[in-house]
Each structure stands twice: as structure tokens, then as C-alpha cells.
Amino acid sequence: MRIPTVLALPYPAQGHVNPMMTFSQKLVENGCKVIFVNREFDHSRVVSCMEEQQDSSSLDEESMMKLVSIPDGLGPDDDRNDQAKLCEVIPKIMPEALEKLIQDIHLKGENRINFIVADLCMAWALDVGKKLGIKGAVLCPASATLFTLLKNVPVLVDDGILDSDFELTLTAKKRIQISPSMPEMDTEDFFWLNMGDLTTGKIVLKYLLHCARSLHLTQWWLCNTTHELEPGTLLFVPKILPVGPLLRSNDDDNNKSVATKSMGQFWEEDQSCMSWLDQQPHGSVLYAAFGSFTLFDQNQFNELALGLDLTNRPFLWVVRENNRMAYPNEFQGHKGKIVSWAPQQKVLSHPAVACFLTHCGWNSIMEGLSNGVPFLCWPYFADQLHNKTHICDELKAGLGLDKDQSGLVSRKELKTKVEQFFDDENIKSRSVVLKEKVMNNIAKGGSSYENLKRFIKEIKE
Ligand SMILES: O=c1ccn([C@@H]2O[C@H](COP(=O)(O)OP(=O)(O)O[C@H]3O[C@H](CO)[C@@H](O)[C@H](O)[C@H]3O)[C@@H](O)[C@H]2O)c(=O)[nH]1
């Protein structure tokens, strides 16, 4: 039987590469070959992490997963976390680079690409595919609600909620419903209004609207979600097909197949936290991690460090190298373990972990829910504000942390919410129920499982 070759194209950010990689690994498990395209900068980070972890055998030519790269158009000294700059240069450089990559692959004659799976935020790749006669799909690594909000931005302009420059109008309501089946949204939480500065937010939104214009080129709108988590949104937009939760298999210690390896990390995972977790009592540890973008200033970093001390509970704290501030003098940290990047999915499945102090990135939410770990929600930017509302108000699987008048989450607030959390048995039991519901989706016969099968059948035809 023919082995189909799929080209997978994530948006260049950790929270996008991870779910695309997990999805690609599922394709490999199901007999497809995948050519995974990172931008050059991320490609070299991913490869060097794999080399550190002695996983590079999977880069073998014979492997079913081939990692390749294209330029992102930024210069060597440009800030690669600058989303505005990135969104301006991607459409100018990457479509042409992708087209050339595909043509070169075809010229070599080793592989013929049969299908493109592009991140929703790279949906322009569907146009490249159309030009070359290759079918495609989009994969949304964020919530179906974010997907729907993006699709409905023009409607919000028509309804007078947004002006033609995508800012809230003076008459805009504080809370809206995109459809009667969907939960209410706080208009001030719209993701582009919460990206640091408004100019950046608008550039990102314009880029995403440009991507959304290509969506009609495919019937496959895949999303890392499940029916139970977003029933109203999926009812309103049935074209969005849940394939979540996208989780890496955890049995990788003994099974080093392509389908189970850690193949998309930008930073090396510090495995020492796993033996530290083994020494902690079950259900005792606070896991604090804020994804790949969050940056705390020195004051906020101090409050967090001293707040963790104040809780007087064991904690595992991920402090990325690019977000490391000076630890305050009073910080003791004797109950904690600090790592610069954790094997997060493994951590969340460890019985010692009681609670996930998170920035509410959608992957972190899906990974926490899939392990029955409830949340303390501390959103940083973009879609994370909606995600927090969803977790706390709709699913009731977490508590939100509030900022004080100076805009900080204080050490006292952290201590108070941690205590409230440990006093509330209901949050834990709701999370356990949610875990079962969410995980049923990827068990044989489950809804996401069946959607993936249907999709693979389409690729193989
Ligand atoms: O120590 C760590 C910390 C994180 N992770 C992984 O990194 C990913 C982080 O993704 P996510 O939780 O979604 O956070 P961000 O990196 O912030 O993701 C971006 O992309 C998401 C999906 O579009 C959005 O929801 C976020 O707002 C956006 O910031 C997850 O798979 C984690 O398992 C690790 O492996 N180790």
C-alpha cells in the first residue's frame, strides 16, 4: 500500500510546534510519513535538544519523520519573540520558501508530498498547496472558541462592536455572545487587545485575518479540543473537528519510537524533577509553569518567588532562562525544585502533583485537564484571558488569581488562593470527572479518535 507523505507546518512558537508535532506523531503511528517544517531558528534548537537527549537517531533519512526548515525572513539580530515583526515578515518570505522547499523535495524524487497540514496561523500554506496541486488541512492549536472569534471578527465590525481598526467602539457591550449556544465573552478580553501594546495586537490580528481568508480551501478544520470542553462553540461551527487532546505518549522511557519521542522542544527538558517528584507525597505539589512567552518583571518575579515560599508547600517551578530574574534575598525555596524547562506532560501525570499554577496557554490547559489536575489561573496575554474564564466559570476546574492595584499578583494573593484551593475538594473531583470525559475522546471509538481516523483515510485515498 502507498505510504502517504504529509508536510506539517507549525507557526513558529513552542505552543504551536508541540501540538503539531504530537499530531504528526499520530500520523506516523498510523502509517504516514511526515516532513515537519520548522523555521531555521527553531529547527536548530529542536535538533540540538534531541541530540542532548540522544534522540537524534530519529533524524535518520529512513525515519518516518523528517525534520526540515525554511527561513522566517528575520535577520540574525532580530527579536524572534516580536510577534508584530514576525507577522509582518512571514507572508513576504515564507510562502515562497515553502513552495521552493516542496519543489526541491519533489525534484529529488524521494518523496512526493500528498497533503499539507498547516497551523491555523499559517493557513496561507493552503494557497501554496493549491498552486502545486496538493490538498490541505488546518490545525488549530488553541481553543475552538478562539478559532470562532477570529472567523467572526468581520461580523463584530458589522455589528458595531469593533470599529474598522478592530478597537472596541464606544457603544460596544462589555459582554457578548457570538452565538446563543456559546458562552458569554468579555469584549475587553479579545486576544488582540491583550498582546502588550495595541499596535502589536492589531498587526497580529490583521495577519490572522489574512490567514483566515484561505480557510475555504479546505473542509478539514481540525482543532485541539473536545466536544465536552466546548460544546456550544462546536455546535455553532460544526465544521471545526475536534482531534484533542493532543498528548505525547508518556511511555517513552522504554519505547524510543518516533511516535513517542520528545521531538519539538526548544529547550532541553530537565528530567531531574521527576525523581524529585517521586520523593513528594501524593497530591502535595504545586506545579508552576507559564509556557514559552510569559515574561515577568523583577517585582512580579519577587512576588511569585516569595508567594511560593509563603504557601509552605512543595513546589516545582519552571523558570525559563529568558525569564530569569534575580531571586529576592528573602527567598528560601527550601520546599521547592526549580528547573529551566520541564517534561511538562510527564510532570502533570505524576501523582505528587496537586495543582497547576498556569498562564492558561491552551496546550497547558489541555494537558492539565487530561491528567485531572486542577488549575490556579494567572493569564499573561492573548487568548489566555478567555481560557481562564472558561476554566474557572464554565468548567469550574480552577481558581483565578487577581491582580492588586499596582497590577501585580501579590505573594499574599497566591498564598490565599493556594489555601482556598486545598480546602476545596469539589475542584479536584470535578477535574477527575473532566479527565475521564476528555480522555474518552482519544480512546478507541471516541470522537477525536474517529475524526483522526477519518482524516487519515482521506490522506490515504
Ligand atoms: O517547562 C515546560 C513548560 C511548557 N512546556 C510545554 O510547552 C507548551 C506550552 O504551550 P502553551 O501552554 O499553549 O503555552 P504558550 O507557549 O504560551 O503557547 C502559545 O500558544 C498557545 C496555543 O496557540 C496559546 O494558547 C498561548 O496563549 C500562546 O502563548 C506545552 O505543550 C507544554 O507542555 C514544557 O514542555 N515544559
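Start at 1 and go down the list; that is how both ligands and their atoms are numbered. The first residue in the sequence is number 1, and the count goes up from there. These numbers were taken from a predicted model, which means no experiment stands behind them.
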Among all protein heavy atoms, pick out the one at the shortest distance from [atom]; state its residue, atom name and that distance to 0.1 Å.
atom	answer
atom 12 (O) of ligand 1	Ser364 OG, 2.5 Å
atom 5 (N) of ligand 1	Trp341 CZ2, 3.2 Å
atom 13 (O) of ligand 1	Asn363 ND2, 2.8 Å
atom 28 (C) of ligand 1	Gln384 NE2, 4.0 Å
atom 33 (O) of ligand 1	Glu367 OE1, 2.6 Å
atom 14 (O) of ligand 1	His359 NE2, 2.9 Å

Phe147/Trp221 aromatic ring centres below 6.0 Å: yes
Taking the six-membered ring for Trp and the single ring otherwise, decide whether the centroids of Phe293 and Tyr380 are under 6.0 Å apart. no
With a 4.0 Å heavy-atom cut-off (strictly under), which part of [X] contacts ligand 1: side chain, backbone, both or neither?
X	answer
Glu269	neither
Arg320	neither
Val318	side chain

Just jot down the ligand 1 atoms closer than 4.0 angstrom to any heavy atom of [X], in number order.
X	answer
Ser292	15 (P), 16 (O), 17 (O)
Gln265	34 (C), 35 (O)
Phe381	29 (O)
His16	20 (O), 23 (O)
Ala342	1 (O), 2 (C), 34 (C), 35 (O), 36 (N)
Ala142	23 (O)
Gly361	11 (P), 12 (O), 13 (O), 14 (O), 25 (O), 26 (C)
Asp383	24 (C), 25 (O), 26 (C), 27 (O)

Side chain of [X], backbone of [Y]: donor and acceptor closer than 3.5 Å?
X	Y	answer
Gln177	Met182	yes
Asn152	Thr148	yes
His390	Leu229	yes

Regarding [X] and [Y], does a basic nitrogen lie under 4.0 Å from an acidic carboxylate oxygen?
X	Y	answer
Lys202	Asp165	yes
Asp72	Arg80	yes
Lys335	Asp309	no

Test the Arg320-Trp341 pair against the cation-pi criterion, namely NZ or CZ under 6.0 angstrom from the six-membered ring centroid and within 45° of the ring axis. no
Would you say ligand 1 has an N or O under 3.5 Å from any N or O of Asn18? yes
Side-chain donor-acceptor pair under 3.5 Å between Gln384 and Asn194, yes or no? no
Among residues at least two apart in sequence or on other chains, which ones pass side chain to side chain contact (heavy atoms under 4.5 Å, CB included) with Lys435? Met439
Smallest heavy-atom separation, Phe375 atom then Cys377 atom, equals CB-SG, 3.8 Å
For atom 22 (C) of ligand 1, the option (of Gly15, Ala13, Cys140) bearing the nearest heavy atom: Gly15
